[in-house]
Amino acid sequence: MLMPKKVKWRKQQRGTRKGRSKGARELEFGDYGVQALECCWLSAQQIESMRVSISRKTKKVGKMFLRVFPDKPVTKKPAETRMGKGKGNIEMWVSVVKRERIIFELSGVTEQVAREICKAAAYKLPIKVKFIKREEQNMQEQQV
């Protein structure tokens, strides 16, 4: 399971999920990718299941680039516990995904195969996503 080796602070506040992503909004490494259309917390388990489904479909032909990493700890108090007595223990690690963030990229495969891979990976995600490719991105930059 993905988690950071070392963190400066053991427990974090919840923060905000609304708004657009500050970075990772353009394809940098691959030719095709999946872009988030909603905000969410992606858990380490969801990222891992998505990664496994992608690696099974690529079959050593293409290359995958994950653009998210679960570096935010989420705490939870045990069930049937009274209020107070401090913050709960770390339950899981999540990655904060905002709108327009690219979740993963693919290279070395055809567009048809990339669409199938992205569709299989999208089933593992709790949000709406969009398939993007490098040519569309270049056309949008030329129009602006």
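Atom CZ of residue Arg14 and atom NZ of residue Lys72 lie 8.5 Å apart, to the nearest 0.5 angstrom. Considering CD1 of Ile117 and OG of Ser55, their distance stands at 10.0 Å, rounded to 0.5 Å. Taking CZ of Arg99 as the reference point, atom NZ of Lys128 lies at 13.0 Å (rounded to 0.5 Å). Remark: Cys118 SG to Lys133 NZ distance equals 12.0 Å, nearest 0.5 Å. If you take CG on Leu106 and NZ on Lys57, they are separated by 12.5 Å, rounding to the nearest 0.5 Å.
Side-chain heavy atoms closer than 4.5 Å link hydrophobic residues (I, L, V, M, F, W, Y) into clusters, and following such links, possibly through other members, connects Val129 to Val109. Cluster annotation: Val97 is connected to Met64 through the hydrophobic network of ILVMFWY side chains, with a link wherever side-chain heavy atoms come within less than 4.5 Å. Cluster annotation: Val34 is not connected to Val94 through the hydrophobic network of ILVMFWY side chains, with a link wherever side-chain heavy atoms come within less than 4.5 Å. Cluster annotation: Phe69 and Phe29 are assigned to distinct hydrophobic clusters (Ile/Leu/Val/Met/Phe/Trp/Tyr, side-chain heavy-atom contacts under 4.5 Å, transitive). Hydrophobic cluster membership differs between Ile90 and Leu2, with clusters built from Ile, Leu, Val, Met, Phe, Trp and Tyr side chains linked at under 4.5 angstrom.
Remark: side-chain polar atoms of Lys11 are paired, donor with acceptor, to backbone N or O of Lys87 under 3.5 angstrom. Between the side chain of Gln35 and the backbone N or O of Glu100 there is at least one donor-acceptor pair closer than 3.5 Å. Using a distance-only test at 3.5 Å, with no hydrogens or angles considered, no donor-acceptor pair links the side chain of Lys98 to the main chain of Gly23. Without hydrogens or angle criteria, Glu105 side chain to Glu28 main chain gives a donor-acceptor distance under 3.5 Å. With Arg101 contributing its side chain and Arg67 its backbone, the two residues share a donor-acceptor pair below 3.5 Å.
Gln46 is not listed as a side-chain neighbour of Lys124, based on a closest heavy-atom distance of 4.5 Å or more. Within the 4.5 Å cutoff, side-chain heavy atoms of Ile132 are placed close to those of Ile102. Using a 4.5 Å cut-off on side-chain heavy atoms (C-beta onward), Ile127 and Leu37 make no contact. Inter-residue side-chain proximity for Ile103 and Leu42 is flagged as met; some heavy-atom pair is nearer than 4.5 Å. Using a 4.5 Å cut-off on side-chain heavy atoms (C-beta onward), Pro126 and Trp41 make no contact. Residues Pro70 and Ile47 meet the side-chain proximity criterion, which asks for heavy atoms closer than 4.5 Å.
Screening Phe104, Phe131, Phe65 for a ring-ring contact (aromatic ring centres under 6.0 Å, His included) with Tyr32, the sole residue that qualifies is Phe131. The only member of Thr58, Ile54, Val52 that meets side-chain contact (heavy atoms from CB on, under 4.5 Å) when paired with Arg56 is Val52.
In the displayed structure, Lys77 atom NZ is contacted under 6.0 Å by more than 12 heavy atoms of other residues, nucleotides or ligands.
The existence of a salt bridge linking Lys119 and Glu116 is excluded, since no basic side-chain nitrogen approaches an acidic carboxylate oxygen closer than 4.0 Å.
The two residues Gly30 and Ser107 come nearest to each other via the heavy atoms CA-CB, 3.8 Å. Of all heavy-atom pairs between Val7 and Pro4, the closest is CG1-CG, 3.7 Å.
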